[in-house]
Amino acid sequence: MKKYFVVFQKSLKSEITYRSAALAGIVSALLSFLIQIFLWKALLGAGVRQDTSFSDMLLYVILNSFLLSLTKGNVASVIEASMIDGTISMELLRPMSFKYYTLANIFGKNIYGTLIRTVPVLVIGSFLISPASLPDGAHILLFVISTVLGALLMFEVTYLVGLLAFWLQRCWFLSWYLNGFLTFFGGTVIPLWFYPDFLSKISYFLPFRYITFEPVNFFLGKTPVHSAWLPISAALLWLLALSAVDKLIWHAAVKKLAVNGG
Amino acid sequence: MTMSFIEVKKLCKDYKIAKSEKGISGAVKSLFHREYTVKQAVRNVSFSLEKGEVVGYIGPNGAGKSTTLKMLSGVLLPTSGTVSVGGIVPYKNRRENARHIGVVFGQRSQLYWDLPISDTFDLYENLYNLPKEQFRKNCDYYIDLLDMKDFIDQPVRQLSLGQKMKANIAISLLHDPDVLYLDEPTIGLDVTSKKVLRDAIKEINAEKKTTIILTTHDMDDIEAVCKRLIMIDQGQKLFDGTLTDFRAKYNSGFSLKLEFDSVPPAWQKCSQYELAEQSEHQWIVRAADGISAKDAMIDLINRYDPTNLYVQEERIEDIVRAAYEVNK
C-alpha cells in the first residue's frame with residue numbers, strides 16, 4: 001500500500017516543479033469561471049427556471065470543475081506513449097499493479113492543479129454564493145462519500161477506455177469520445193435537470209451522471225437523504241462492474257503484449 | 001543431472017507482422033482482411049549459465065538479442081521452447097521473477113524526469129519493500145561505485161546520458177537481484193563513461209556475484225567484462241564459448257601495420273598476405289592462418305622495406321564482422 005502512496009507523492013512533486021503551468025492554470029480557471037458567471041446570470045435573469053437560483057448554479061459550476069480537474073486523466077495516451085517507446089514492458093517488470101500505479105499517478109498529478117485552480121475561484125465565488133445554497137451536515141457527508149465514488153468511477157471509465165490503446169495504433173481520439181459522453185450524459189456543463197425527460201432517463205442507466213452530477217446534487221441538497229441510497233448504490237454497482245471488466249481486458253492486453261511484443 | 005542457474009532450451013519466438021498494402025484502398029482492404037507474415041525472431045536457441053557468470057550476448061541489429069532478454073525477463077511468451085531462471089519460469093511467474101532480476105534497457109529510462117535521482121531511489125525502496133538497512137547500504141555502495149555523488153540531487157532532465165545510465169543501473173540493483181540483464185548499456189556514451197561502467201559491471205559481478213547478461217555492439221565492452229560470448233544472427237546461435245575460443249574459431253590470423261616514409265612500393269599479390277587497408281604512407285596487411293609472426297615480419301621487410309612495422313592481434317570487432325559476413 002505504501003508504494004502507491006510514494007507513487008502519488010512523487011507524481012505530485014513532479015507536478016509542483018512546473019510553476020508557470022500552475023500560473024496558466026489559475027488564469028484559465030478564473031477566465032472560464034467569469035464566463036460561467038455571465039452566462040448563468042443572463043440565462044437565469046431571462047427566467048429560464050425558477051427553482052434554480054444563481055447562487056446554486058455558481059456552486060454547481062465550481063464543484064463540477066473541481067471534481068473534473070481532480071479526476072481527469074488521459075490513460076489512453078499514457079499507455080499509447082509507453083507502447084511506442086517500449087517502456088510498457090519495463091512497467092510490467094515493476095512489482096506493482098499497473099492499475100493502482102496509474103491511479104496513484106493520476107491523482108498525484110491532478111491534486112496540485114486542482115487545488116491551485118479551485119482556491120482563487122472559491123475566493124471570488126464566496127462573495128456571490130448565498131448561505132442558503134450551502135448544505136447541512138448529513139448532505140456534506142453524502143457529498144464526500146459520493147465524491148470519492150465519483151472520482152474512482154471516473155478513473156475506472158478512463159482506465160477502461162485507455163486499455164483499448166493496446167489494440168489501436170493511435171488512440172488520441174478515444175478521450176474525445178469519452179469527454180463527449182461525459183459532458184452530455186454526465187451533465188458537467190448543463191445540469192441534467194434542464195434536460196428533456198427521455199435524455200435524463202437514459203442518463204440513469206449510464207455511469208456518467210454518478211461521476212460529478214450526483215455528488216453536486218448532494219451538496220446542493222437536491223437529493224433528499226432518504227433517497228440517497230439510489231445514486232450511491234448505482235455508483236458502487238458501476239464501480240464493481242467496470243473493475244471486473246477492466247480485469248478481463250487487462251489480462252487480454254498483457255497476453256497480447258506477451259505474444260506480439262511491445 | 002543438475003540444472004544450471006539459467007536454462008534456455010530450444011527457444012523460439014515468432015512475430016506475426018501485418019502486411020500493410022499501399023494507398024488508401026490498401027488501408028481499407030486491411031480493415032476487413034489482413035495478411036500476415038511470420039518473422040522468426042529467435043530460432044532454436046539453447047544455452048545455460050551458471051550463477052555468477054558474465055556473458056556477452058552479441059549480434060547485429062535485429063538478430064534477436066532484445067527478444068531473448070524479454071523472454072528471460074518474462075514479458076514475452078516464447079512460441080516454443082523453455083526458459084528457467086533460478087528455478088522460476090519467467091513468463092509464467094512474471095512478478096515473482098521480477099523480484100529476482102534487474103533489467104536495464106539502454107534507450108529507456110526508469111527515472112522520474114523532473115525529480116532528482118534520489119526520488120526514484122525512494123520509489124524503488126518502497127516498490128521492493130527493502131529493509132532500511134539494505135537500502136542504505138546499497139545506495140551508498142552504488143553511489144560510490146558509479147561516482148554519482150555530484151549529481152544525485154539534480155533533476156534528471158539536467159543530467160547527461162552517461163549520468164542517467166549510471167542511475168538506471170543503480171536502481172536496477174538496489175534490491176540485490178540474482179541476475180542483471182543489460183541491453184546496450186554503453187550506447188551513446190563517451191569513452192570515459194564507458195570505462196567507468198565497464199569497471200563497475202566487473203566490480204558488481206565480483207562483489208555481489210550477480211549473474212550478468214550483456215548485449216552490446218561495442219566489442220570493447222565484451223573484451224573488458226566478459227569471459228564468455230554468445231553470438232546470434234538472424235535468430236540463430238552461431239557461437240557460444242570463451243573469448244579465447246572465439247578468437248581461435250573465427251580469427252583468420254593477425255595483421256601487420258607497415259609505415260613508409262615515402263610512397264610505398266607496388267603491392268605484390270600473393271596467397272599468404274592480403275592488403276586490407278591502404279593509405280598514403282601506411283598499409284594494413286592481413287596474414288593468413290599458419291604463418292608465424294616472425295616469418296611474416298621478415299618476409300614483409302625483405303619485400304617492401306617499410307620504415308616501421310607493427311604486429312596487431314585482430315580486434316574482436318573485426319572478427320565479429322567477418323563472422324556475420326560468413327553467415328550471410
Might you confirm whether atom [atom1] of [X] has over 12 heavy atoms from other residues, nucleotides or ligands at distances under 6.0 Å?
| X | atom1 | result |
| --- | --- | --- |
| Lys109(A) | NZ | no |
| Gln158(B) | CD | yes |
| Phe205(A) | CZ | no |

Distance (rounded to the nearest 0.5 Å) between Leu123(B) CG and Tyr101(A) OH: 7.5 Å
Value rounded to 0.5 Å, distance of CG in Leu93(A) from CD in Gln110(B):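 So the gap between those two atoms works out to 8.0 Å.
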Partner chain B: residue of Lys13(A), Glu91(A), Lys2(A) with the largest heavy-atom pair count (under 4.5 Å): Lys13(A)
Under 4.5 Å from any heavy atom of chain B - which part of Ser97(A):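 Its backbone and side chain both get close to chain B.
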Per-residue contact mode, Leu115(B) against chain A (heavy atom under 4.5 angstrom): side chain
Part of Tyr91(B) within contact of chain A (heavy atom distance under 4.5 Å): neither
Flag side-chain contact, heavy atom, 4.5 Å: Tyr128(B) against Pro95(A):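 Yes - at least one pair of side-chain heavy atoms lies under 4.5 Å apart.
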Min side-chain heavy-atom separation Met90(A)-Ser73(B) under 4.5 Å: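 Not touching, per the 4.5 Å side-chain cut-off.
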Least distance between heavy atoms, [X] atom then [Y] atom:
| X | Y | result |
| --- | --- | --- |
| Arg108(B) | Thr87(A) | CG-CG2, 4.0 Å |
| Tyr18(A) | Asp114(B) | OH-OD1, 2.6 Å |
| Arg94(B) | Leu92(A) | NE-O, 3.1 Å |

Donor-acceptor contact below 3.5 Å, side chain Lys13(B) vs main chain Val259(A):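 Yes, Lys13(B) side chain to Val259(A) backbone: donor-acceptor pair under 3.5 Å.
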Which of Asp119(B), Asn129(B), Leu77(B) touches chain A most, by non-hydrogen pairs under 4.5 Å: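 Going by pairs under 4.5 Å, I would pick Asp119(B).
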Most chain A-contacting option - heavy-atom pairs closer than 4.5 Å, from His175(B), Arg99(B), Arg95(B):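 Looking at each of His175(B), Arg99(B), Arg95(B) in turn, Arg95(B) comes out on top.
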For chain B, which residues of residues 147-161 of chain A have heavy atoms nearer than 4.5 angstrom: none
Intermediate values then yes/no, side chain to side chain contact (heavy atoms under 4.5 Å, CB included), Phe5(A) and Asn126(B): CA-CA 9 Å; Phe5(A) 180 71; Asn126(B) 287 286; over 6 Å; no
Inter- and intrachain pairs under side chain to side chain donor-acceptor pair (under 3.5 Å), touching residues 247-256 of chain A, at least two apart: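 Qualifying pairs, neighbours excluded: none.
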